[in-house]
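Comments concern the structure below.
Below, chains carry the letters A, B, ... as their sequence lines are ordered, and counting in each starts from 1. Values below: all heavy atoms of this structure, side chains included; hydrogens, waters and symmetry mates excluded.
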Number of protein chains: 2
Amino acid sequence: MPGTSLDFTARLRAAGLRPTRQRVALARLLFEGGHRHVTAESLHVEVKSAQMPVSLATVYNALNQFRDAGLLREVVVAPGRSYFDTNTGHHHHFFVEPDGALHDFPSDKVTIAGLPAPPKGTRLSRVDVIVRVRR
Amino acid sequence: MPGTSLDFTARLRAAGLRPTRQRVALARLLFEGGHRHVTAESLHVEVKSAQMPVSLATVYNALNQFRDAGLLREVVVAPGRSYFDTNTGHHHHFFVEPDGALHDFPSDKVTIAGLPAPPKGTRLSRVDVIVRVRR
DNA sequence: GCAGTATTTAGAACTGTTCTAAACTCCTTG
DNA sequence: CAAGGAGTTTAGAACAGTTCTAAATACTGC
Ligand SMILES: [Mn+2]
Ligand SMILES: [Mn+2]
Ligand SMILES: [Zn+2]
Ligand SMILES: [Zn+2]
């Protein structure tokens, strides 16, 4: 029976997180469809309107834990608000201002050549490309 | 007499901003040396310790006005804090985590090929490349 | 100099996020 | 199939960064 909470229970356990009612509900919203970009506030609204009340603090806790567990990645594109991205693979973003909408694009067709070497004493961690667009 | 506040007075006036004592002091700190990346808080500390007390609200006002006038550009790389960049030309950034240090690199040696077309109904505004590195 | 508008300022307000500590729940063990 | 205990949730307080308010002050054009 696909789409069941059993999947998420196992997935959370594998990530070292107890599959609580709240985390399973959030994981289902986040992971059962296609890739998503949410903010804490938007996910909180969503989980509340799905007859599944979860406190805002728990939404923040879960997003941070999911990110730390590698289930989500955090995207910083605008001041004062973090996006969480269910697509943890290599990819980049369009950011539509002023809406705040994020759209993925695959990084494998994009070639970035000529990047200088990291500053002395540092190792490369990630390259983010943010293509800002306007209506 | 180079390095005088006269330069900044003229530059502010040209940007449509009255050259007040506070704005001239901030402009001097920002623009008289090489390119810089500051936060409101860091600039506030700096201007205070230069026997030139300016309120934090004024630092925020000035940074936003300088940015709106095209004298600065705002860089968003970390949640909860904005950087302001005196280098308004085309360039990209190394971001050293967890220090929060920003380093410029020129964009003219970097080639980004294969970027997809902007989403329907949007125009390209800017492409930001952030190379995140760790110690 | 004066008038009038722009600017500055301290402090309040606001937003997004984290913290606190008490209540609750999952899970292991007996 | 209890407890018991560690992990989790929660409301609300606290916090950090930023913006707002409205009264005082400083530029500027006359
Ligand atoms: Mn965080
Ligand atoms: Mn701003
Ligand atoms: Zn994404
Ligand atoms: Zn820069």
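Considering only side-chain N and O atoms, A:Tyr60 lies under 4.0 angstrom from the phosphate OP1 or OP2 of C:dT17.
Of the two residues near DNA chain D, B:Tyr83 and B:Pro19, the one whose nearest nucleotide lies more 5' is B:Tyr83.
A:Leu43 has its CG atom 15 Å from the C1' atom of C:dT17, to the nearest Å. Rounded to an integer number of Å, the gap from A:Arg67 CZ to C:dT18 C1' is 12 Å. Spacing between atom CG of B:Asp68 and atom C1' of D:dT18 amounts to 15 Å, rounded to whole angstrom units. Between the P atom of C:dT7 and the CG atom of B:Leu12 lies a distance of 11 Å, rounded to the nearest Å.
With a 6.0 Å cutoff to the six-membered ring centre and a 45° limit on the axis angle, A:Arg73 does not count as a cation-pi contact of A:Phe84.
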Pairs of donor and acceptor atoms involving the side chains of residues 108-117 of chain A, under 3.5 Å and at least two apart or interchain, shall be tabulated with distances.
none

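Ring pair B:Phe94/B:Phe105 is tilted by interplanar angle, where 30° to 60° counts as tilted.
Under a cut-off of 6.0 angstrom, the local environment of CZ in B:Arg132 is crowded, with over 12 non-hydrogen atoms contributed by other residues, nucleotides or ligands.
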With side chain to side chain donor-acceptor pair (under 3.5 Å) as the test, would you mind laying out the steps for B:His93 and B:His37 before giving the verdict?
-> CA-CA 11 Å; B:His93 293 100; B:His37 302 94; 3.2 Å; yes
Can you check side chain to side chain donor-acceptor pair (under 3.5 Å) on A:Thr58 and A:Gln22, steps first, answer last?
-> CA-CA 8 Å; A:Thr58 295; A:Gln22 291 86 342; 5.8 Å; no
Once each nucleotide of nucleotides 5-12 of chain D is scored for protein heavy atoms under 4.0 Å, what B/S/- sequence comes out, 5' to 3'?
-> --SSSBB-
